[in-house]
Each structure stands twice: as structure tokens, then as C-alpha cells.
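Quantities reported herein were computed from a predicted structural model and do not represent experimental measurements. Residue numbers begin at 1 in each chain, while the letters A, B, ... track the order of the sequences.
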Protein chains: 2
Amino acid sequence: MRRGSTNRELKHALLERLMHYYHFLCGQPGAPTPDTVTSTEIARLVHMDDTLVRKDLAAIGVRGHPRVGFRSVEVLSAIRGVLGFDTAFESVVIGAGRLGSALASYPGFASLGMGIVGLFDNAPQKVGLTCGRHVIQPMVSLPTVVRNHGVSLAILTVPPDATQEVADQAVAAGIKAIWNFASTSLTTPDDVFVRHEHISVGLAELSYQLSRMSEQ
Amino acid sequence: MRRGSTNRELKHALLERLMHYYHFLCGQPGAPTPDTVTSTEIARLVHMDDTLVRKDLAAIGVRGHPRVGFRSVEVLSAIRGVLGFDTAFESVVIGAGRLGSALASYPGFASLGMGIVGLFDNAPQKVGLTCGRHVIQPMVSLPTVVRNHGVSLAILTVPPDATQEVADQAVAAGIKAIWNFASTSLTTPDDVFVRHEHISVGLAELSYQLSRMSEQ
DNA sequence: TAGATTGTTAATCGATTAACAATC
DNA sequence: TAGATTGTTAATCGATTAACAATC
């Protein structure tokens, strides 16, 4: 049955705002999270309208308390629930270059529900090397690792000309989603979710702002 | 005078779309860029409405040709001009961890007008080490490097609890913008542009989609 | 209670899309 | 020329904000 459970897809922009709230409510280093926050306080922190904050929180089912605001733990746990941070899943990193190694060793993923159970690379001189807590494995081992650990996400940090082929192998191995850090677009089956991480978008914005500054 | 030159600030979403067009027009590996493209073709590639593509291109001053479309080189060079890719600027990377090293060695930045002239870290065991084409320098050298090379951007890849202090040092050294890869927010003077790179937003979206998939 | 804050409806605003005339 | 495509105005749509009643 599950009435009440909103089953329509949440907009990308909403997810982004939720992550923004989550982030601020987790507290800055040194400043602990207070017990309750008002929508106005959140809004000021993230430079938004307080009505939108209340709408967003209502959309994910958090109830506020008149005269008090929202309880931080309730907000945080609702966001965790909606974003799926409490639904742990496993991933592999493919491409053991500098970026791949950095991601494979990043400590912040665990608390968001993502585990990394393998680091892969096909370069013979890399296979077998230790990288943080990982030993670099060859691509032939991918299907086995995916099966044994129930891996659902492949994080791709391979050179552009290899990305499509590696993506195909990951899909064939049974992964459900791809996080692509290469600047190439991918062709994948419809039931595989692909997220591109466009670092150049960030650079574009910086470049634009810097050239504006120097203009005057 | 400079009439005609649109001086109002371009929206973030527009910059993002422009980067998206730029990306596709640069061509996928193997598929060379055709001489001309129609707004409909671009729209299909990036899954958008063709009218919006024409509006965006008009906004940055590219004229199309009825019955022909847009000349790829004109579009590319207009985007380069607007985003400031032809206005080269220098940057430094602060924090020589895995991510910092990866960014300092990334070859794709040069063609977008960004140079990296220094890699900094305060850990005594890192200072002096070679990392790609960089030698890791201590923070005390930052002001000199910034001055000598006219550095305008600081790329921050230091641990969260050090980010604010490092940002202060960078600002004091005279940089004009900060690209922050740590998950902490920063307090900076109004004339310093800060761009946060939120990797957790990407993870949030993947996590959300994966938990939706497994839901049914 | 009075007052602060939520929750929600209505109004506004901006961005996207549709329609179509202009162009080569 | 006929037809494909641009450029632009008008219509639509959705998202944000304003207003205010409900709540504790």
C-alpha cells in the first residue's frame, strides 16, 4: 500500500538544497550543532528565502514546532533518509591514477553510506600495488568483485578514450550506476544511472569571474 | 564607451549550459567537430529545447545563419571569450595530498586558460618533494610566488580544520578567488570570489537514485 | 495571553517553450 | 523559388516569494 509515501521523483535542485542544509546542520568544525534551528536561521546560512526552506522540509516530511523551529536531529535524519545515506551501498573505483587514488582513500564517503570495496586498473605496472587500504586489481577481477560484494556503483577515473569501454565492462559486470569523472559522455542502457562530475564547470565559473574582475 | 557590450552578470545556469555546449562542440574522442551545427542538433545532444540554445547563443553574441546553422568555430570562440578561457590566469594549489597532487598535475586546465605555478603544503616531510612537474613548497613562500607570478586563484585541498586559516593566508597574499575542495564554508572579504566544489552533492544524487532503484 | 514561528494559499517573477515572421 | 533554419515575440509553466492564518 504505502500511501502517504511520496513516490514522485525529487528534483535535482531540491536534492542539492537538502545537501546544503545537511552540510550546515552537521556543524562547522568548532561550532557544534544546536538542538533546534528555525527556518530563518537555515535560510540565512545558505542565503535563501525562509519560506523555501520550510517548503523543502515539508516536502521531505519534517514537521516544525511553532515558536521553536525544527529539531536538528529530525532534519538531519530526514535528509539522510531521503538521500539514502542510511541505505548503504558498495562501489568500486576504476582507474588508479591520482584522482582515482584520492577518491578511493577519501574518508568522508562512509558516513554518507558509500563503501569502496575495490580499486581497479589495467596497467600491468600498477596491478598489485598498495594504495591506502586497497590493492590495485586488474579489470578481469571486476565481475567477481561486483558479484561477491553486491557492488552497485562504478566510479570512473580513467582517461577519456578508455571511458566508454570501461563503462561497458562495468555495466556487463552488473553495476547499477556510474559516477563519471572523465570529461567524455557515455552511452549506457537506460536502467543504469550516470552522473557526470564536470570539474570544468567549476573552472568556467572561476574563469568568468576572474576575467570580469580584471575587466574594469 | 563600450556600448553593446553586455555588462550585466551572466547567470550561473547559463554559464553551466555554455560549458555544456562547449564540451560537446569540442567533439568526442574519435568524432571530429563538424563545420556547422544547428541549434536543434546541439539541443538533442544536451537534451534541451532548441529555442533555449538559440537564446543562449544570441545572449553571448553569436549569429547563426538561416538554412545553415551556427559555425562551430564561432560558437566555440564566443564561449571561450565569455567564459574567459582566452584570458589566461595563474593559480596555486594549497594542500599536497592526493587530491591536491591530482589537480596540480591535471593536464586539461591549460587549454581553459588556467596555469598552475605552485604546489604548497606545510608538512615538513612533504616540503621539497617532487610531485609531477612541481616541487612542494612551504606556505611561507606563498606571498612571494603570488607576487612574482601574478597568481589570482588559490585552489584549496587542505583538511577541513585548516581551510579557513589557509584561506586567510591566501587572501593576505593577494589572491582574488578561491576554489575550495574542502567541505567547510569560508569567511572571506567581499571582493574575493569563492567557489565551493561539493563532491558530496554528486554522491547525494547517486545515493538517492540507488536507494530509489532498490526500493521497488 | 501575546508573540514567535510554522504551514499553506495566493501572487509574483523568471525561465522555458510555443508560435511564427524574417532570412538566406 | 521553396524550404530549412534562425531570431524574437507571446504564452506557458514552474519555482520563488509574499501574505497571513494556524499553532503552541
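The side chain of B:Thr51 places no N or O atom within less than 4.0 Å of a non-bridging phosphate oxygen (OP1 or OP2) of C:dT17. Distances shown here put every side-chain N or O of B:Arg67 at or beyond 4.0 Å from the OP1 or OP2 atom of C:dT23. Regarding contacts with the backbone of D:dT8, every side-chain N or O of B:Lys55 stays at 4.0 angstrom or more from both OP1 and OP2. When the side-chain nitrogen and oxygen atoms of A:Arg54 are compared with OP1 and OP2 of C:dT6, one or more of them lie within a distance under 4.0 Å.
Using a distance-only test at 3.5 Å, with no hydrogens or angles considered, a donor-acceptor pair links the side chain of B:Ser207 to the main chain of A:Gly84. No side-chain donor-acceptor contact under 3.5 Å links A:Thr87 to the backbone of B:Ser211.
Nearest to the side chain of B:Lys11, among D:dT16, C:dG7, C:dA15, sits C:dA15.
In this structure, the CG atom of A:Leu14 is 16 Å from the P atom of D:dG14, given to the nearest Å. Whole-Å rounding puts the A:His12 NE2 to D:dG14 P distance at 18 Å. The nearest whole Å value for the distance from the CZ atom in A:Arg63 to the C1' atom in C:dG7 is 7 Å. Separating the CG atom of B:Asp49 from the P atom of D:dT5 is a distance of 16 Å, rounded to the nearest angstrom. Across the protein-nucleic acid pair, B:Asp50 atom CG and C:dA19 atom C1' stand 12 Å apart, rounded to whole Å. Rounding to whole angstrom units, CD of residue B:Glu41 and P of D:dA4 are separated by 14 Å. D:dT8 atom P lies 14 Å from atom CG of B:Asp56, rounded to whole Å. Rounded to whole angstrom, the span from the CD atom of B:Glu16 across to the P atom of C:dA15 amounts to 14 Å.
B:Phe181 pairs in a side chain to side chain contact (heavy atoms under 4.5 Å, CB included) with only one of the listed residues (B:Thr163, B:Val93, B:Ile155, B:Val158), which is B:Ile155.
Nucleotide D:dG3 forms a Watson-Crick or G-U wobble pair with C:dC24, both donor-acceptor distances falling under 3.5 Å. When Watson-Crick and G-U wobble pairs are counted only if both distances are under 3.5 Å, D:dT17 pairs with C:dA10.
Between B:His20 and A:His198, the ring planes lie tilted relative to each other; the angle falls in the 30° to 60° range.
Across all strands shown, B:Thr38 has heavy atoms under 4.0 Å from sugar-phosphate atoms exclusively, and none from any base.
Nearer to the 5' terminus of DNA chain C, by closest-nucleotide assignment, is the contact made by A:Thr40 (compared with the other of A:Thr40 and B:Arg17).
Salt bridge annotation for B:Lys11-B:Glu16: absent, with no cationic side-chain nitrogen under 4.0 angstrom from a carboxylate oxygen.
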